Structures are given as structure tokens and as C-alpha cells.
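Keep in mind that what you see is a predicted model, and the values were worked out from it rather than measured.
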Amino acid sequence: MIMSRIEAPRDETTGNLLDRLLSALPAEAVLTDPDVTASYANDMASFCDAGAPAVVVLPRTVEQVQHVLRTATELRVPVVPQGARTGLSGGANATDGCIVLSLVKMDRILEINPVDRVAVVEPGVINAALSRAVNEHGLYYPPDPSSWEMCTIGGNIGTASGGLCCVKYGVTAEYVLGLDVVLADGRLMSTGRRTAKGVAGYDLTRLFVGSEGSLGIVVRAVLGLRPQPPQQLVLAAEFASTDAACDAICRIMEGGHVPSLLELMDRTTVKAVNDLARMGLPESTEALLLAAFDTPDPAADLAAVGALCEAAGATQVVPAEDAAESELLLQARRLSLTALEAVKGTTMIDDVCVPRSKLGAMLAGVERIAAKYGLTIGVCAHAGDGNTHPTVCFDAADPDESRRARESFDEIMGLGLELGGTITGEHGVGILKKEWMARELGPVGMEMQRAVKAVFDPLGILNPGKLF
């Protein structure tokens, strides 16, 4: 599938680029067949334009990444870094004539240190592979995006991704202790530390987390680990209204409980999961709340939370007795997005995070927006941290329905900002939410963002067209 330099279509500019790249890269690392490079053009987001890459490079070493960046700087060619392309904001979409720098071949776990409780990894390591590897040492890497079986650590760092466990353990940014980063001109910079403490200078590590490849290319990461917690137990609580479910969430958090997971599915999502998997979930429910604890006595914690759910109006509370029952209850939540995709064939997954106290208002507003635009919009949420995922279901072949889907998506983001929230809790800005980031941060905030970008990438070659 890989065309040779002679077979690949090339003009003078492309030919010069390929010659320069191949001067220090093996031929198998440089892809030029247009049918192959087209497959690297975009991530999983809807409504995000993608260009045609000039070339796709799959480096295996830091030195190869440095060569690509030096070449790109000398020839003024844009570089779009990619991981597994599971993103949902267009942040990994190619631009015309760019070098797509796919880091999936840099997939080594370099070190796992149980004493220091750190792992050192390359960016192409799959999240689930790292989790399983550290588990063998009695350790735990908490960030667990829904795509954890496919997504890469580099991509997780690029978007500051989250997951189901964030309510207790936090997001990716809290576990990135240090980075090796190749800058736009090819220089290699190390940030951060591998010690338990460290406050020398500005926190450049945190700056790169969530920067979507716009400031530099992460080629190595030092990640903090935790001791492996006990097996969690899960409780499911059904509610006759989303207001009652959101009241229960507020009671749980106000009561000082620290669940390892607190997830919400609305009526639309529950129905979609039933239609897809015949799980037998009660379709009379308006909201299904899942809570989990990985404490030494999870049954006692579930009993306390179950009582709070009943006080808030739960119609049924079902605690799991063992790990197998817990996994069965969680299966419904894991199927949510797949089930909603099956409703119309295409989805736009929003990522609006609001204060927990505003969850009820957020869900009610989404229901109004769905009715206004005549669309099916299901909501699943990391309820414990207020991160909602309203998912707009539509037929991409229907222009009018596609227009209404995009308008409803924007209205949902506007609602989130009105409620004191943010346009993205874990998916990033990419192309999809550029306009909304400007609204959230304001003109002075955007000026400072651009100034930071200019320091690290004065030529503007790193992932251009994203964020701003």
C-alpha cells in the first residue's frame, strides 16, 4: 500500500519535501499514496472540514520527530500531530498540503516504577495497555476515556481527556508529571519532574496538556500512578424525573461522599440502549443514576448513597453484590454512545460541563432544545463532575436535519455558558468549537492565548486552524 518515491504523485514542492524527509527517515515511515494518506485526514468529529495531507509520517524515534519538525520549519510546511484519531472535535484533522505526524508507532512503555509510582511512556501507548501493565505491579493509572481500548496517551494529553472515574480521581492533567516535547524548530525540551514535589519555574507541563498539538509534539511522558484500589461495587437508581436524579447527585456530593463513578443516563439514552442491546432497563424511568465505590467497605457506602437516592425520590435502587453484577450495570452506560449512534446513523456529541448544582437546569434545557428542533437528543453525563454529553442524533444525508443538528449543538453550548459552565470538559476545542472558545474566554483571554502560541510556534506551523 506504500508507494515508492518514484510512484508517488509529486510536484516540485512536494518532491522537495519528500526528499528532505527521506534523507533521515526510512521509506516505510513515509506514506504518499493518496488513498492511504486520505485515511489519515480526520478524526471522529462531525461538521469539521479536513484537507488533503501531502504526506503521512510514522516516526519511531525522537530523532525522527525532530527531523520532521526541522524540515517543516525550513520549508514552512504545517504539521498536524495525530494519535488514534478517536477525538470528537476535529483537533486531528489534516490541512491541505500538511505533514500528518502520526505517533502511533512510538508505543513503548519505557518504565514502570512502583517505588516512585511513575510510568514513563511514549505517546503512542494505548490507554488500556498502560492500565493493564501497571495493574500487574499493583498500581493504577486512573484516566479512562470511553475510547480507552483505542485512544493513545499522547492523544489523551493533547486534549486533557477525562473519563468515568474523574469524580474521584481527576483528569489526565493531574497525572502528567513531566514531558519531553519536540518544539516547532526541532529542539527537544524537557518539562516537569518525576519527583513527588517540584515547583521550579513556570508549570510548562500543564501548559502542554490540552494544547492539542499546537505548541509542540509530546514524545515522552512521565505519568503519576496510584496504588490499585479495591474492586468497585456499583449501584443503579431509577428516577421518575431528571430533576429528582439531579437532586440525588447534589445530596451525594453535599454529604461528603466520594464515589469512584457517578454517571447519569436520561430517558432517551436508556431507550436507545434497550433498543440496541435488549438489556431490559425499565423504559418508564426518566433518568438512571449509576454510582460506584472502590473503598474498603463499598457495600456500606452504596447503602448510604442508596438512602440519599430514595430520599430524593428514586423509584428503585439496586445495589450490586459482586463485581460481575457491577459490570452488568455498567454495561448500559458503556453502550450509551453506540446506542445513540444507531438511532439515526450520525451523532454530534457535545461536551458541556456545568456546575453540579446546575445539572438539572442543563438537562431541562437540552430537552427544550430537542423539542424546538424536532430532534432526538440523548444525554449521558459524568454527573459527579457536571460533565454532560448531550448527543444529537440525525441523518447526515438530510440537509435540513443536518442544519438543525448543528444549530441545536450550538444552542446547547450557549446554554452551558449561560449556566456558568464551559464548552468542553474533556473533548477539546479543535475545529468544532473555535468560535465558542472565543466567546468563553473573551478578547483579552484570546489575545493571551495567541501570544503563548506565538512564543512556541512563531511560524504557526503546528496544527494550524485549531483552537483559534
Side-chain angles (χ1 to χ4, degrees), residues 1-45 48-85 87 90-106 123-124 152 154-155 158 181-188 212-219 430-431 453-454 456-468:
M1 294 178 63
I2 302 171
M3 298 181 71
S4 73
R5 293 167 60 192
I6 296 174
E7 295 171 319
R10 54 195 286 167
D11 55 24
E12 182 177 351
T13 301
T14 302
N16 188 27
L17 172 62
L18 294 177
D19 288 341
R20 295 291 292 276
L21 290 173
L22 287 163
S23 68
L25 293 173
E28 64 269 17
V30 181
L31 311 183
T32 58
D33 183 333
D35 291 335
V36 176
T37 59
S39 69
Y40 287 83
N42 54 274
D43 62 18
M44 298 177 70
C48 292
D49 293 335
V55 60
V56 174
V57 179
L58 294 98
R60 290 184 180 271
T61 68
V62 173
E63 292 76 17
Q64 289 176 1
V65 175
Q66 290 182 276
H67 174 67
V68 172
L69 269 295
R70 290 191 192 104
T71 299
T73 291
E74 292 167 9
L75 299 181
R76 305 300 196 261
V77 178
V79 176
V80 176
Q82 291 182 348
R85 304 195 309 280
N93 283 17
T95 58
D96 284 333
C98 76
I99 300 170
V100 163
L101 185 63
S102 175
L103 298 159
V104 295
K105 300 293 187 182
M106 297 180 69
T152 64
V181 181
V182 176
L183 300 177
D185 60 7
R187 288 179 296 165
L188 181 65
E212 302 187 30
S214 65
L215 301 178
I217 309 299
V218 172
V219 291
I431 297 171
K453 164 76 167 171
F456 286 93
D457 181 22
L459 298 177
I461 65 170
L462 291 179
N463 215 8
K466 317 298 165 53
L467 297 173
F468 313 118

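- Not counting sequence neighbours, the partners of D185 by the side chain to side chain donor-acceptor pair (under 3.5 Å) test are R187.
- Residue pairs meeting the side chain to side chain donor-acceptor pair (under 3.5 Å) criterion with at least one member in residues 458-468, sequence neighbours excluded, are N463-K466.
- The environment of K105 atom NZ is sparse: at most 12 non-hydrogen atoms of other residues, nucleotides or ligands sit within 6.0 angstrom.
- Taking 4.5 Å as the limit, every side-chain heavy atom of V100 sits out of range of all side-chain heavy atoms of L31.
- Residues V77 and G97 approach most closely at CG1-O, 3.6 Å, considering heavy atoms.
- Without hydrogens or angle criteria, S39 side chain to V36 main chain gives a donor-acceptor distance under 3.5 Å.
- A side-chain donor-acceptor contact under 3.5 Å links Q82 to the backbone of Y40.
- Using a 4.5 Å cut-off on side-chain heavy atoms (C-beta onward), L58 and V104 make contact.
- Side-chain N or O atoms of D43 include one that pairs as donor or acceptor with a backbone N or O of G91 at under 3.5 Å.
- Nearest heavy atom pair, residue P59 against residue Q64, reads CA-OE1, 3.3 Å.
- In terms of heavy-atom proximity, M106 sits nearest to T61 at CE-C, 3.9 Å.
- The distance from the CG atom of L188 to the CD atom of Q66 is 5.0 Å, given to the nearest 0.5 Å.
- With contacts defined as side-chain heavy-atom distances shorter than 4.5 Å, the pair L215/L462 does not qualify.
- For the residue pair C48 and I431, the shortest heavy atom distance occurs at SG-CB, 4.1 Å.
- Listed here is the closest heavy atom pair of A45 and G90: CB-N, 3.3 Å.
- In this structure, L103 and T152 have side chains that are not in contact, with every pair of non-hydrogen atoms separated by 4.5 Å or more.
- Side-chain contact check for T14 versus T32: every heavy-atom pair is 4.5 Å or farther apart.
- The minimum heavy-atom distance linking A94 with P53 is given by the pair CB-CG, 3.7 Å.
- Using modelled atom types, no side-chain atom of T37 and backbone atom of V56 make a donor-acceptor pair closer than 3.5 Å.
- To the nearest 0.5 angstrom, I99 atom CD1 is 6.5 Å from T71 atom OG1.
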| Hey, mind stepping through N93 and D49 against side-chain contact (heavy atoms from CB on, under 4.5 Å) and telling me if it holds? | CA-CA 7 Å; N93 283 17; D49 293 335; over 6 Å; no
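- We find the CG-CD1 distance between L183 and I217 to be 9.5 Å, quoted to the nearest 0.5 Å.
- Contact check for V30 versus L18: side-chain heavy atoms found under the 4.5 Å cut-off.
- For the pair R60 (side chain) and A29 (backbone), a donor-acceptor distance under 3.5 Å is absent.
- When side chains are defined from C-beta on, L69 counts as touching L101, because their heavy atoms get closer than 4.5 Å.
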